[in-house]
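Quick notes on the structure that follows.
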Amino acid sequence: MFPIVSFHVHIKPITPRFILPKASKTIQSHEPIIKSQNLKSATSVKKRRAKRIKTLVDSRNISSTRRLLTYVESGCLEDALHVFENMSDSSTFIWNMIIRGLTNNGFFQEAIDYYHRMQFEGVKADCFTFPSLIKACTAVFATVEGQKVHSRIIKLGLDSDIYTCNALILMYAKVGYVKDSNEIFEGMPVKDLVSWNSMISGYVLAGDGRRSLTCFNKMQADGLKPDRFSIISALGACALGHFLLNGKEIHCQVIRRRFQLDLMIQTSLIDMYGKCGLVKYAEGVCNSISQKNVVVWNAMIGTYAVNDKSFESFACAREMQENDNLIPDIVTMINLLPSCAKLEALAQGKAIHGYAIRKGFLPHLVLETALVDMYGKCGRLKLAEGMFFHMKERNLISWNAMIAAYVQNGRAREALEMFQDLRYEKFFPDEMTFASILPAYSEKALPKEGMQIHSYICKLGFATSTFISNALIYMYAKCGDLQTAKKIFDSMLFKDLISWNTIILAYAIHGFGASSITLFSKMREEGIKPNGSTFVSLLSSCSVAGMVEEGWEYFNSMKRDYGINPGIEHYGCMLDLLGRAGNLDLAKRFIDEMPLTPTARIWGSLLAASRHHRNVELAELARNHVLSLNHDNTGCHVLLSNMYAEVGRWEDVEQVRCWMKNQGLENTIGCSIVEYNSNTFRFTNHDKSQIKSNMIYEVLDIISRKIGKNQYVPDVTKFKPLDLLKKRDNAPFCHSVRLAISFGLISTSVGNPVLVRKNIRICEDCHNAAKKISEITNREIVVGDSKIYHHFRDGRCSCRDYW
DNA sequence: GTAGGGTTAG
């Protein structure tokens, strides 16, 4: 398939979830990603042509002005500049020539600089100067410069010049001031087809597909016939807003107007169908093109990529090289990288990176951002960081990619720091930023911090977005504020499947299984069809709330009633349920018989069940499987080590600890946090650093005496004296959760629940203590551990003592 | 003798 050549790329073994139904779609490991002949850079045709023209022009006796014009028109910029700098004449005409030459050859800032020089030298700009100059300002997003130029145009009385206005329309739309574009457009005394096309295209540039189409229709109502430019832009609008019906209408128009052989229109049609999710239609258009160019192929590769057809996108890239002998370009790379990310095909991704370096594609803002994204999604955070921090130029999208990479790799702290840093840059967060950062808040924050980010979202006007609301529901639920999560859900104008899945999961996290099931019924009543994720939410809910029978019923109904094949996540939830029921043999058999390869999560679930039912042998087996999968899940090892300690197998404890040390794995330091007066208070075990420390310990002492201080210390007779000492150092009496609960009890008013968040799972001793504390203090205590929320009330916990 | 609108991209 694709890029690169000088070495063969091997794709990593693909886990079952990535195998497509058709076996023919697999990538052959012996196939290089990019063919070798494509590595040879195309000899510079342009340079040779320029040389020819120069020889021709030099041999003739023509004026400098004519010579300048010829050089500019043939792209011989160096020669043009040389002639220009040696000319004695300094007319507006020759300045216009040089500004146009610079702009058309991509030297935008230089074009602006020459305009300044022109002003400095007192040469008056005219209506021919501005279109090229504005184009240059647009290209480099020189908003302020563009506005100054606009004032100058008004002063010179050129603001009704049709060419200049058309250029201004595009400039304002591209730099984010589409209202100004519209004002210019509406104020034009005479509009031509280009003016309409500029406005249609301007709305697309501004991301407003709906207004673009309105403009397209208005133009026709005004009696103007759309040309190929109008159609290409209008198709862009349909692609942007996923307006399939409008897109199809335009396709009909294309056929009626006999535009169907226009390659650019065909490309736009592929893109439109691709973005609207109609892959078959896109393929149809693509197949009808006899002479495809790279852009057509790229549009098709992009279509497959956005429609989750990663293998097809690779196959398409191969076909482009093998059948059409075309060389992949930067856009090909950019379109393929998401497919690498989807398949976690790191080798392919690296091969593309290597190819890009060899071809001299880097540095390139979009390509580098796509690489950050790919490395992040393939779990290579270091590579993503290396890419991002070495980028010469970054925009909001690159920042979003890096923030998302941190979040996806469990580094919420770094993600939050980056989000703070963003404020020091010239960027304002957009929808994507919030969608990426909210999971980090879900991981780390408490309700007040969550509310702060929520109000920031409202301030920037993103609160009505379904996309963002879904992320907010999850964040509030994970922060412990289920009520606000539900409030947001209820107030949403448009709820999609993800909204329903999220609210069902929200209740699952808090152990309210019955509510999850009620919500599922409501969802069905509203005609929303569940998907695989819905069942992950539902089965988790059944598992957390101990609803074993209901869980089995939903698991069986997936395939039977909804045609959904259970995935590894569903098997994981069922295993949690079996673990809760206590039949470990059945759980083990369930793993042996399941049709998918067990993952670390599956073995982790068995390990948790073994811990709960004190089966050390099975726990060892589960941990060995986790080890064989090369998974660095610290929790598994700590769990086993604790089990060994509980039965007094101290040598084994030491062995696990030593092994962890050798592997460079550190035991996560447990900490619990409580919010009080908008401040977050953090406690570690035996913490005495808080201001109210004395009071906290006094309260803890009173409580402990009431619930029986030694009641939950494991049987000490099993311990060796030295180990007993060690154990006492870490006595559950002073565990961070209890310190946090004590602090919560004295700092919150009676009647309100005490909310504590913990970074690791709650231990059995503290779980028992929390139940007792809720009983004797008559307070609701809510402890969110790394997986679920425990609601302690009247001596009972919502998890029914299984977690 | 000069100028403006278009395809694929995170």
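None of the values given here were measured: they were computed from a predicted structure. Residue numbers start from 1 in every chain, and the chains themselves are labelled A, B, ... in the order their sequence lines are given, proteins ahead of strands.
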Check every strand shown and say whether A:Asn395 touches a base, only sugar-phosphate, or nothing at a heavy-atom separation below 4.0 Å. base
Can you list everything that forms a side-chain hydrogen bond (donor to acceptor under 3.5 Å, both in side chains) with A:Asn307? Sequence neighbours excluded, please. none
From B:dA9, B:dG5, B:dG10, pick the nucleotide closest to the side chain of A:Lys135? B:dG5
Extract all donor-acceptor atom pairs below 3.5 Å that involve side chains of residues 279-289 of chain A and protein atoms in other chains or at least two apart in sequence.
{"residue": "A:Lys280", "atom": "NZ", "partner": "A:Glu283", "partner atom": "OE1", "Å": "3.4"}
{"residue": "A:Glu283", "atom": "OE2", "partner": "A:Tyr304", "partner atom": "OH", "Å": "2.5"}
{"residue": "A:Asn287", "atom": "ND2", "partner": "A:Glu283", "partner atom": "O", "Å": "3.2"}
{"residue": "A:Ser288", "atom": "OG", "partner": "A:Val285", "partner atom": "O", "Å": "2.6"}

Donor-acceptor pair under 3.5 Å: do we get one between A:Ser198's side chain and the base of B:dG5? no
Compile the donor-acceptor pairs under 3.5 Å between side chains in residues 236-252 of chain A and protein atoms, sequence neighbours left out, one pair per line.
{"residue": "A:His242", "atom": "NE2", "partner": "A:Lys275", "partner atom": "O", "Å": "3.4"}
{"residue": "A:His251", "atom": "ND1", "partner": "A:Tyr273", "partner atom": "OH", "Å": "2.7"}

From CZ of A:Phe130 over to P of B:dT2, roughly how many Å is that when rounded to an integer? 19 Å
Can you tell me the distance, in whole Å, between the CD1 atom of A:Ile327 and the P atom of B:dT8? 22 Å
Measure OH/A:Tyr203 against P/B:dG5 and give the value in whole Å, please. 19 Å
A:Asp329 near the nucleic acid: base, sugar-phosphate alone, or nothing, with a heavy-atom cut-off under 4.0 Å? nothing
Which part of the nucleic acid does A:Leu365 contact within heavy-atom distance under 4.0 Å: base, sugar-phosphate only, or nothing? base
How close or far is atom P of B:dA3 from atom CG of A:Leu170, stated in whole angstroms? 17 Å
Stacking between A:Phe128 and the base of B:dA3 (centre distance under 5.5 Å, interplanar angle under 30°)? no
Name all pairs fulfilling the side-chain hydrogen bond (donor to acceptor under 3.5 Å, both in side chains) condition that reach into residues 123-133 of chain A, sequence neighbours left out, sorted by first residue then second. A:Asn96-A:Asp126, A:Asn96-A:Thr129, A:Asp126-A:Thr129
In residues 86-97 of chain A, which residues come under 4.0 Å of DNA chain B by heavy atom? A:Phe93, A:Asn96, A:Met97
Under 4.0 Å between any heavy atoms, over every strand shown, what does A:Asp161 touch: base, sugar-phosphate, or nothing? Just pick one. base
Any salt bridge linking A:Glu85 with A:Arg117? Criterion: basic side-chain nitrogen under 4.0 Å from a carboxylate oxygen. yes
Nearest-nucleotide pick for A:Ala299, side chain only, options being B:dG5, B:dA3, B:dT8: B:dT8
I need the CG-C1' distance between A:Asp373 and B:dA9, as an integer number of Å. 12 Å
Contacts of A:His116 meeting side-chain hydrogen bond (donor to acceptor under 3.5 Å, both in side chains) (sequence neighbours excluded), chain-then-number -> A:Glu145
Which of the following nucleotides, B:dG5, B:dA9, B:dA3, is nearest to the side chain of A:Asn197? B:dG5
Option among A:Phe229, A:Phe216, A:Phe185 that satisfies the ring-ring contact (aromatic ring centres under 6.0 Å, His included) test with A:Trp196: A:Phe185
Which of residues 251-276 of chain A sit near DNA chain B, with a heavy atom under 4.0 Å from it? A:Met264, A:Thr267, A:Ser268, A:Asp271, A:Lys275
In whole Å, what is the span from the CZ atom of A:Phe185 to the P atom of B:dG5? 16 Å
Which of these nucleotides, B:dG10, B:dA3, B:dG5, is closest to any side-chain atom of A:Ile397? B:dG10
Can you tell me how far P of B:dT8 sits from CD1 of A:Ile289, to the nearest Å? 13 Å
Using ring-ring contact (aromatic ring centres under 6.0 Å, His included) as the criterion, list what pairs up with A:Trp297, not counting sequence neighbours. none
Are more than 12 heavy atoms from other residues, nucleotides or ligands located less than 6.0 Å from atom CD of A:Glu186? yes
A:Asn395 and A:Ser398 side chains, donor-acceptor separation under 3.5 Å: yes
Of the listed B:dG5, B:dA3, B:dT8, the closest approach to the A:Val331 side chain comes from B:dT8
Given B:dA9, B:dG5, B:dT7, the nucleotide with the shortest approach to the side chain of A:Ile232: B:dT7
Base, sugar-phosphate alone, or nothing: which one does A:Ser398 contact when heavy atoms must sit under 4.0 Å apart? base
ring-ring contact (aromatic ring centres under 6.0 Å, His included) against A:Tyr172, all qualifying residues, sequence neighbours excluded: A:His150
Give one of base, sugar-phosphate or nothing for A:Cys165, where a contact means two heavy atoms less than 4.0 Å apart. nothing
Using whole Å, what does the distance between atom P of nucleotide B:dG5 and atom NZ of A:Lys174 come to? 11 Å
Can you tell which of B:dA9, B:dG5, B:dG10 lies closest to the side chain of A:His364? B:dA9
